[in-house]
Amino acid sequence: MTHTAKGTFQIKMQPQDSTSPQLGRMSFTKIWEGDLSGTGTGEMLSVGDPKSGTAAYTVLEVFGGELSGRRGSFAFHQYGTMQAGQTTLRYDIVPASGSGELAG
């Protein structure tokens, strides 16, 4: 089943040490507003050169707050690619990661 939520977020990113010079690693906190309202914390790994228009990244994020009036938490798996300046972005909820009114 697919549902769509709309909203915005403010993000604060902090660079972390990486195991490879080709990898970028960041930790972050987000403040979500809209259908999804609350806070998220996570880690991002990236590779490539965004300035040249080619890169990829993956994110694991744990969210706590409200989704369409239901309170709880869950985890996201987010991944994106950029090739020749064209971007693809996807957010998936990690199965069985929900709690509270967001369980299931």
Side-chain angles (χ1 to χ4, degrees):
M1 181 181 298
T2 300
H3 294 276
T4 301
K6 295 183 180 181
T8 60
F9 60 81
Q10 303 281 329
I11 189 166
K12 181 179 179 184
M13 302 193 64
Q14 296 179 297
Q16 303 295 312
D17 289 337
S18 177
T19 58
S20 166
Q22 290 84 15
L23 292 175
R25 183 171 168 237
M26 300 274 199
S27 63
F28 64 85
T29 57
K30 283 184 185 172
I31 305 296
W32 290 88
E33 296 178 343
D35 295 335
L36 190 63
S37 175
T39 59
T41 58
E43 297 283 327
M44 178 179 82
L45 286 175
S46 63
V47 66
D49 181 13
K51 292 178 184 175
S52 73
T54 305
Y57 73 93
T58 190
V59 170
L60 294 175
E61 177 180 351
V62 176
F63 167 83
E66 254 182 61
L67 174 60
S68 299
R70 296 170 42 193
R71 294 198 59 76
S73 66
F74 57 86
F76 284 117
H77 175 215
Q78 175 188 356
Y79 46 100
T81 57
M82 179 189 299
Q83 184 172 2
Q86 299 294 315
T87 60
T88 302
L89 173 63
R90 182 173 172 139
Y91 276 85
D92 289 331
I93 295 175
V94 176
S97 66
S99 69
E101 295 175 317
L102 299 175

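Since the model is a prediction, treat every value here as computed from it, not as a measurement. Because only heavy atoms are used, hydrogens play no part in the values below, and waters and symmetry mates are left out as well, while side chains stay in. All residue numbers in this chain count up from 1 along the given sequence.
Shortest non-hydrogen contact noted between Phe28 and Glu43 is CE2-N, 3.6 Å. Contact record, Ser73 with Gly64: CB-CA, 4.1 Å, taken as the closest heavy-atom pair. In terms of heavy-atom proximity, Ala55 sits nearest to Asp49 at CB-N, 4.0 Å. Taking all atoms of both residues into account, the shortest heavy-atom contact from Ala75 to Ser97 is N-OG, 2.9 Å.
Checking side-chain atoms of Gln14 against main-chain N and O of Lys12 turns up no donor-acceptor pair under 3.5 Å. Put simply, the side chain of Asp35 never gets that close to the backbone of Gly7: no donor and acceptor are under 3.5 Å apart.
Between the NZ atom in Lys30 and the OG1 atom in Thr41 there is a gap of 10.5 Å [rounded to 0.5 Å]. Atom NZ in Lys6 sits 8.0 Å away from atom OG1 in Thr4 (nearest 0.5 Å).
Annotation: side-chain contact (heavy atoms from CB on, under 4.5 Å) contacts of Arg71 (sequence neighbours excluded): Glu66, Glu101.
Each of Val62, Val94, Leu102 was scored for a side chain to side chain contact (heavy atoms under 4.5 Å, CB included) with Phe74, with one residue passing: Leu102. Only one option out of Leu45, Val47, Leu23 pairs with Ser18 in a side chain to side chain contact (heavy atoms under 4.5 Å, CB included); it is Leu23.
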Q: Could you walk me through whether Leu36 and Phe76 pass the side-chain contact (heavy atoms from CB on, under 4.5 Å) test, one step at a time?
A: CA-CA 12 Å; Leu36 190 63; Phe76 284 117; 3.7 Å; yes
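Around CD of Gln83, the count of heavy atoms belonging to other residues, nucleotides or ligands within 6.0 Å does not exceed 12.
Residues Tyr57 and Gln78 form a side-chain contact, since some pair of their non-hydrogen atoms from C-beta on lies under 4.5 Å apart.
The aromatic rings of His77 and Tyr79 sit tilted relative to each other, their planes meeting at an angle between 30° and 60°. Aromatic ring pairs are classed by plane angle as parallel below 30°, tilted from 30° to 60° and perpendicular above 60°; the pair Phe63 and Trp32 is perpendicular.
Residues Met26 and Leu89 share a single hydrophobic cluster, defined by chaining ILVMFWY side chains whose heavy atoms lie under 4.5 Å apart. Tyr91 is connected to Ile93 through a chain of hydrophobic side-chain contacts under 4.5 Å among Ile, Leu, Val, Met, Phe, Trp and Tyr, so both are in one cluster. A single hydrophobic cluster is not seen to contain both Val59 and Met82; linkage of ILVMFWY side chains at heavy-atom distances under 4.5 Å, directly or through other members, places them apart.
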